[in-house]
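Shown next, in structure tokens, is the structure this report addresses.
To find a chain, count down the sequence lines: A is the first, B the second, and so on, and within it residues start at 1. Side-chain atoms are counted along with the backbone in the values below, which use heavy atoms only and exclude waters and symmetry mates.
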2 protein chains.
Amino acid sequence: MTLIKPFRELCAEHGIAVTHQRQVLYEVMQGMDGHPSPEEIYARVKRKIPSISLATVYKNIHLFVESGVLREVSLHHGSQRLEMNAEEHHHLVCSKCKSIEDIDESSLGALPKRRKLADGFLVERYSVDVIGICAKCQ
Amino acid sequence: MTLIKPFRELCAEHGIAVTHQRQVLYEVMQGMDGHPSPEEIYARVKRKIPSISLATVYKNIHLFVESGVLREVSLHHGSQRLEMNAEEHHHLVCSKCKSIEDIDESSLGALPKRRKLADGFLVERYSVDVIGICAKCQ
DNA sequence: CAAATAAACAGTAATTATTACTGTTCAATA
DNA sequence: TATTGAACAGTAATAATTACTGTTTATTTG
Ligand SMILES: [Mn+2]
Ligand SMILES: [Mn+2]
Ligand SMILES: [Zn+2]
Ligand SMILES: [Zn+2]
């Protein structure tokens with residue numbers, strides 16, 4: 001469905017420079033499915049550019065995410081955070097400052113919940129992140 | 001709404017032993033709002049039990065989470081993961097093995113989306129984690 | 001085209017978050 | 001009261017990430 005755009009176009013659109021390392025990194029990542037980690041990506045890129053540095057991989061992944069070329073699975077993947085609100089609720093996550101605010105279910109509107117989903121996944125609960133820009137960051 | 005249950009009852013229900021450190025740790029955590037990190041919790045507990053070890057705090061937070069006494073904000077907070085699926089989609093997250101599977105929006109049923117929420121939060125997108133037990137782990 | 005300039009890079013050191021290990025304390029039990 | 005196992009404090013080790021430094025590369029300018 002989504003047509004594959006050449007890397008140089010993507011870079012132009014997002015205002016970042018094209019380099020050989022970035023091009024290969026991006027293409028290698030496109031060839032991986034699921035949700036790879038920087039280390040896994042590094043291992044693959046190294047096969048194409050053996051001299052590449054892990055730091056360069058991290059730096060460019062970060063650049064891609066910052067500039068919007070690609071996205072990360074969770075905006076709050078750093079250190080562990082404990083949930084002190086026992087009520088059933090969800091979160092407003094600011095994509096700029098990464099702040100996390102509680103929002104209760106009723107403010108979101110009812111979610112259509114199912115106990116059982118395809119391929120036999122047994123549902124315990126839904127956790128919704130509403131991602132956007134908080135009042136302060138606007 | 002949720003009535004405050006004494007700590008010893010909670011421990012009994014979840015099959016873990018009561019100790020002085022655990023009791024104080026739990027009560028201190030209850031007194032914090034939002035989504036504190038282990039380090040922040042450690043700093044506070046240290047005021048009540050100056051001799052407590054950071055390792056003990058980590059170990060008992062882990063125990064609380066494992067036994068279900070409390071929960072963490074994100075099940076996948078460890079290392080960064082990159083999203084290689086450009087389609088709009090959501091995730092099935094297994095609370096046992098922490099695996100993350102893509103699920104497309106249509107399988108979930110329509111979410112009632114709003115562009116603007118209370119306190120001026122500007123919505124970019126919704127990200128839903130359906131948390132439960134995957135087929136393999138059942 | 002050659003020198004100057006700045007961005008990007010590789011390699012490595014440092015930092016942060018977390019877990020593992022070790023010897024000691026403590027509380028329940030025989 | 002002696003035994004014993006769980007929990008603890010203190011510290012070492014590991015994993016993930018970021019910072020730093022000197023070198024290479026591409027671009028711009030004279
Ligand atoms: Mn919350
Ligand atoms: Mn995904
Ligand atoms: Zn913000
Ligand atoms: Zn599983």
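Rounding to whole angstrom units, CG of residue Leu54(A) and C1' of dA19(D) are separated by 13 Å. Taking atom NZ on Lys59(B) and atom P on dA17(C), their separation rounds to 20 Å, with Å as the unit. Whole-Å rounding puts the His20(A) NE2 to dT25(D) P distance at 11 Å. Nucleotide dT17(D) holds its C1' atom 11 Å from the CD1 atom of Ile61(A), rounded to whole Å. In this structure, Asn60(B) atom CG and dA9(D) atom P are separated by 9 Å, rounded to whole Å.
Centroid-to-centroid, the aromatic rings of His76(A) and His91(A) stay 6.0 Å apart or farther.
Mapping Ile49(B) and Gln80(B) onto DNA chain D via the closest heavy atom, the residue that lands nearer the 5' end is Ile49(B). Mapping Leu63(B) and Ser53(B) onto DNA chain D via the closest heavy atom, the residue that lands nearer the 5' end is Leu63(B).
Nucleic acid contact for Ala55(A): base, since at least one base atom lies under 4.0 Å from a heavy atom of the residue.
Minimum atom distance to the side chain of Arg22(A) is reached by dA8(C), of the listed dA10(C), dC8(D), dA8(C). The listed nucleotides are dA10(C), dA7(D), dA16(D); the one nearest the side chain of Ile52(A) is dA10(C). Side-chain atoms of Tyr58(B) lie closest to dT19(C) of the nucleotides dT19(C), dA9(D), dT17(D).
For DNA chain D, no neighbouring residue in residues 38-48 of chain B is found when judged by any heavy atom under 4.0 Å.
Residues Ile52(A) and Gln21(A) have side chains in contact (heavy-atom distance under 4.5 Å, counting atoms from C-beta outward).
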